[in-house]
Every structure is written in structure tokens, then in C-alpha cells.
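Everything numeric here is computed off the predicted structure, so don't read it as measured data.
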Amino acid sequence: MKVRQAVVMVGGKGTRLLPLTENHPKPILSVADRPCIWYLVRSLARAGIEEVILACGYKPGHMEALGDGSDLGIRIIYSYEDEPRGTAGAMKLVEDRLDDAFVACNGDVFADIDVKEEINLHISTGASITIALTPVENPTEFGIVRTEADGRITEFKEKPKPEEVFSNLINAGVYVVNRSVLGYVPEDTFFDFSKDLVPLVMKDDGRIQGYTLNGLWMDVGHPHDLLEANLAVSNREYSKRSFPVEDSCIRGDFYMGEGSKVANSELKSSVVLKGCTVKDSSLNRVLVMKGCTVKGAHIENSIIGEGSTIKEGCRIVNAVLADNTVLEPGTEMDGGRKVR
């Protein structure tokens with residue numbers, strides 16, 4: 001069996017990432033000057049996927065920034081929901097164009113993983129659904145699973161209370177699915193994949209297989225996670241690259257985008273996306289999104305939204321600034337609140 005198709009659900013609003021998602025859907029936010037979702041699509045292409053269907057919801061037109069897939073040697077098709085259908089409902093909408101088995105992914109995670117291994121396990125075990133699993137420190141924000149020795153999932157619980165946690169293995173949102181299970185999904189109805197569909201298949205003794213994923217996976221649910229994803233890619237893909245900074249001290253993971261200038265500054269574990277100017281400044285664990293100007297500022301543990309201007313004498317700590325923010329000289333911010 002050849003698995004050549006994938007459905008990626010990108011309908012969420014990304015409210016936990018506000019204000020960064022006021023102008024852009026979550027999957028299109030930049031990680032080293034590529035849309036966050038691009039890395040997941042690249043993983044699919046490396047696994048032999050030829051066609052990716054993007055099930056679009058919130059700000060759907062923005063998703064087309066991902067392009068047609070030709071840069072990765074695949075074909076991207078955009079599918080639009082008239083109203084929210086849920087993750088399983090989004091698959092149901094494109095059921096008639098799917099092969100007997102396909103990959104399905106939540107597009108609101110950052111993932112650079114080995115999908116081919118998951119496909120092979122799905123085929124070899126005869127599973128109805130295979131779910132990628134990954135261990136996390138705090139499983140209460142996710143769906144947790146209990147597995148047998150052979151990896152078969154026997155119990156699934158969505159977002160357990162602390163006293164209900166029986167595993168630190170969580171659903172990573174990358175699946176291999178037999179199209180036949182979409183028969184459980186009603187037409188024109190909001191239907192969730194993990195909450196609604198998986199329990200029905202399990203009840204009918206369909207095999208739900210667990211696959212412990214290999215690679216880099218992060219839930220980009222909060223602004224801090226977007227910073228971490230940028231730093232992770234900077235480390236994995238750009239650690240040996242020399243960037244043309246001027247009279248500056250660079251320590252830790254670093255990336256600088258095309259057309260950006262960093263001069264007379266000190267940056268530690270920071271990312272400066274394309275089209276930015278950082279001058280006479282000190283940055284420590286900072287993501288400067290594209291088109292920003294930072295001059296004479298001290299910034300820590302913060303994200304500077306696209307097109308923002310940070311003027312001389314500003315001090316910013318633990319803040320997330322919306323796109324096109326302008327901070328006048330001498331402004332101090334702590335946690336997003338102006339101190340002075």
C-alpha cells in the first residue's frame with residue numbers, strides 16, 4: 001500500500017497566541033522566515049507524500065502564502081470550510097478525493113519528524129488509525145494514551161485533570177488513517193477526530209496504533225513556544241552558518257534573515273527575521289519578527305511583532321508586542337505592561 005496523500009487541518013484561530021495571530025493564522029507565523037507549517041509539509045514530502053490538502057478555516061486566504069508545494073516537489077490543494085467542522089469534519093469534507101489510507105495532521109504544531117516510519121508501522125500492524133505519540137512534562141493540556149506492549153492504544157483521555165493523568169505520552173496530532181473510518185463521521189456536522197471519532201473506532205474494536213515519533217515536535221500554543229521553535233530551527237539548521245553582523249557579539253542559537261542588519265549590538269539566543277535593523281542594542285532570548293527597527297534598546301524574553309519600531313532607551317522584559325507597535329524613547333515594559 002502506498003500512502004501518497006495528507007490532509008492538514010489549519011482551521012484554528014490560535015487565540016492563545018494573541019496578539020501575534022491578530023493578522024495571521026497560527027500555522028503561517030514565521031519560524032526562521034518560513035511559515036511554521038512549512039516544516040511539517042516538508043516532513044510529509046520526505047515521507048513520499050505527493051499531495052497535501054490544507055483544510056482551511058480562520059483567515060483562509062493567508063494560508064496561501066505557503067504556495068503550491070512546488071518548492072518541495074509536492075502539490076498543495078486548498079480546501080475551505082463554510083463553517084467550522086472540527087478536525088474529523090474537515091476530513092469528511094474531502095472524503096471523496098482521498099485514497100484508502102492517508103496521513104492527517106493538526107497544522108497548529110511545529111513538527112519536523114519522520115512520517116515514513118509511522119506509515120510503515122500503520123501498514124505492518126493493520127491498524128485503522130495510527131497516532132503519533134510524544135512524551136511531555138505536563139500532559140494535562142493534551143490527549144493522553146495508554147498502550148499495550150505492542151503499541152496498541154487501549155485508552156485515550158482528552159485533557160485530563162492532574163489526578164486523572166495515567167501517562168505522559170500524548171497525542172502529537174499526526175495520524176495515518178484508513179479512509180473507511182470516515183464512515184463514522186456524520187455529514188455537515190462539527191466532529192472532532194480525537195474526542196469523537198477515535199472512541200467510536202475503538203469501541204468497534206478497530207485497532208488504534210501508537211507510534212512514538214522521531215524528530216522535533218513542539219506545540220506552538222503560546223508566544224514563548226514560537227520563540228522556542230525559532231531557536232530550535234536556528235540550532236538544527238543554521239548553527240554552522242556565519243551571518244554578516246557588524247561589530248556585534250553573538251552567543252547561543254542565532255538566525256538573521258535576508259535584508260536584515262545587526263550592528264554594534266549584543267545578542268544571546270535570539271532570532272532576527274528578514275528586513276529588520278537592530279543597532280546599539282542588547283537582546284537576550286528575543287524573536288524580532290520581520291520588518292522591525294530596534295535602536296538603542298534592551299530586550300529580554302520577548303517577541304517583537306512585525307513592522308514594529310523600538311526607539312532608544314527602551315527596556316522590554318517578558319513582553320509580546322503586537323504588529324506595528326511603536327515604542328517611544330525611554331519606554332519600559334514588563335510583561336507587556338508599560339512601567340514607565
Side-chain angles (χ1 to χ4, degrees), residues 1-10 27-28 31-32 34-56 63-79 87-88 90-134 150-153 171-182 193-194 197-198 201 206-218 229 232-233 236-237:
M1 179 192 298
K2 178 174 173 59
V3 178
R4 65 173 198 89
Q5 291 175 305
V7 180
V8 183
M9 286 77 74
V10 288
I28 222 73
V31 175
R34 295 188 186 275
C36 181
I37 195 176
W38 181 88
Y39 297 91
L40 173 61
V41 175
R42 182 178 66 176
S43 296
L44 295 171
R46 288 173 170 174
I49 297 297
E50 301 168 3
E51 181 177 277
V52 175
I53 301 170
L54 290 186
C56 303
M63 289 304 307
E64 294 179 15
L66 190 59
D68 62 4
S70 56
D71 61 322
L72 293 169
I74 61 171
R75 179 186 181 204
I76 294 178
I77 298 168
Y78 295 87
S79 172
T87 45
M91 298 179 208
K92 187 72 172 180
L93 280 176
V94 296
E95 180 182 16
D96 60 352
R97 68 187 307 159
L98 294 174
D99 294 342
D100 289 343
F102 61 96
V103 175
C105 311
N106 294 336
D108 60 353
V109 298
F110 173 78
D112 189 3
I113 62 175
D114 188 345
V115 182
K116 186 63 177 178
E117 277 193 4
E118 185 178 3
I119 292 172
N120 291 340
L121 182 65
H122 178 82
I123 294 170
S124 67
T125 58
S128 297
I129 298 172
T130 298
I131 301 176
L133 308 175
T134 191
D150 62 358
R152 182 169 185 159
I153 295 173
N171 173 7
V174 181
Y175 316 103
V176 187
V177 184
N178 290 349
R179 187 185 63 188
S180 58
V181 304
L182 296 181
F193 188 86
S194 55
L197 179 57
V198 169
V201 176
R207 185 182 183 97
I208 311 294
Q209 180 68 33
Y211 162 73
T212 303
L213 61 80
N214 290 312
L216 182 60
W217 181 95
M218 298 174 65
V233 169
R236 283 166 63 98
E237 304 200 13

### Summary
Interatomic distance, CD1@Ile208 vs OG@Ser194, rounded to 0.5 Å, equals 11.5 Å
### Task
Determine the minimum heavy-atom distance between Leu213 and Ala132, stating which atoms define it.
CD2-CB, 4.0 Å
### Message
Could you tell me if the side chain of Cys36 sits less than 4.5 Å from the side chain of Ile28, heavy atoms only?
### Response
no
#### Entry: Val103 backbone acceptor or donor facing Gln5 side chain under 3.5 Å
no
### Message
Within the 4.5 Å heavy-atom criterion, are Arg4 and Glu51 side-chain neighbours or not?
### Response
yes
### Message
Quick check against the 3.5 Å criterion: does Lys92 have a side-chain atom that pairs as donor or acceptor with the backbone of Leu182?
### Response
yes
### Query
Do Leu216 and Phe110 pass the side-chain contact (heavy atoms from CB on, under 4.5 Å) test, and can you show the C-alpha distance, the side-chain angles, and the key distance before you say yes or no?
CA-CA 8 Å; Leu216 182 60; Phe110 173 78; 3.4 Å; yes
### Query
Does Thr134 use its side chain to pair, donor to acceptor, with the backbone of Ala172 at less than 3.5 Å?
no
### Query
Are the side chains of Phe193 and Val177 in touch, meaning some heavy atoms are under 4.5 Å apart?
yes
### Task
Go through the steps to decide whether Leu66 and Leu54 satisfy the test side-chain contact (heavy atoms from CB on, under 4.5 Å), and finish with yes or no.
CA-CA 10 Å; Leu66 190 59; Leu54 290 186; 3.7 Å; yes
### Query
Hey, is the main chain of Gly173 close enough, under 3.5 Å, to the side chain of Asn171 for a donor-acceptor pair?
yes
### Query
What heavy-atom pair brings Ile129 and Ile131 nearest, and what distance separates the two atoms?
CG2-CG1, 3.9 Å
### Query
Under 3.5 Å, side chain of Gln209 to main-chain N/O of Asp150, donor-acceptor pair present?
yes
### Summary
Closest heavy-atom pair, Ser79 versus Ile53, reported as atoms and distance to 0.1 Å, is CB-CG2, 4.0 Å
### N-O pairing of Arg42 and Asp71 below 4.0 Å
no
#### Entry: Rounded distance [0.5 Å steps], CG in Leu72 versus CD1 in Ile49
12.5 Å
#### Entry: Which atom of His122 lies closest to which atom of Ala127, heavy atoms considered
CE1-O, 3.1 Å
### Student check: side-chain heavy atoms of Val115 and Arg46 closer than 4.5 Å
no
#### Entry: Minimum side-chain heavy-atom gap Val3-Asp99 below 4.5 Å
no
#### Entry: Arg152 atom CZ, over 12 foreign heavy atoms within 6.0 Å
yes
### Query
For Asp114 and Tyr211, which heavy atoms make the closest approach, and how far apart are they?
O-OH, 3.2 Å
### Query
Between Ala111 and Ser43, which heavy-atom pair has the shortest distance, and what is it?
O-OG, 3.7 Å
### Query
Which value, rounded to the nearest 0.5 Å, describes the distance between Ile77 atom CD1 and Arg97 atom CZ?
4.0 Å
### Atom pair OG1 (Thr125) and CG (Leu121), whose distance is rounded to the nearest 0.5 Å
5.0 Å
### Message
I'd like to know whether Leu44 forms a side-chain contact (heavy atoms from CB on, under 4.5 Å) with Ile74, so could you lay out the CA-CA distance, the side-chain angles of the two residues, the decisive distance to 0.1 Å, and finally the verdict.
### Response
CA-CA 9 Å; Leu44 295 171; Ile74 61 171; 5.9 Å; no
### Side-chain heavy-atom pair Val7, Leu98 within 4.5 angstrom cut-off
yes
### Query
Do Val31 and Trp38 pass the side-chain contact (heavy atoms from CB on, under 4.5 Å) test, and can you show the C-alpha distance, the side-chain angles, and the key distance before you say yes or no?
CA-CA 9 Å; Val31 175; Trp38 181 88; over 6 Å; no
#### Entry: Residues which pass side chain to side chain donor-acceptor pair (under 3.5 Å) with Arg236, listed by chain and number, not counting sequence neighbours
Asp112
### Message
Keeping Glu117 on the side-chain end and Thr212 on the backbone end, is there a donor-acceptor pair under 3.5 Å?
### Response
no
### Task
Give a yes or no on whether a salt bridge exists between Lys2 and Glu50, defined as a side-chain N under 4.0 angstrom from a carboxylate O.
yes
### Message
Could you go through Asp68 and Ser70, starting from their C-alpha distance and side-chain angles, then the distance that decides it, and tell me whether this counts as side-chain hydrogen bond (donor to acceptor under 3.5 Å, both in side chains)?
### Response
CA-CA 6 Å; Asp68 62 4; Ser70 56; 2.7 Å; yes
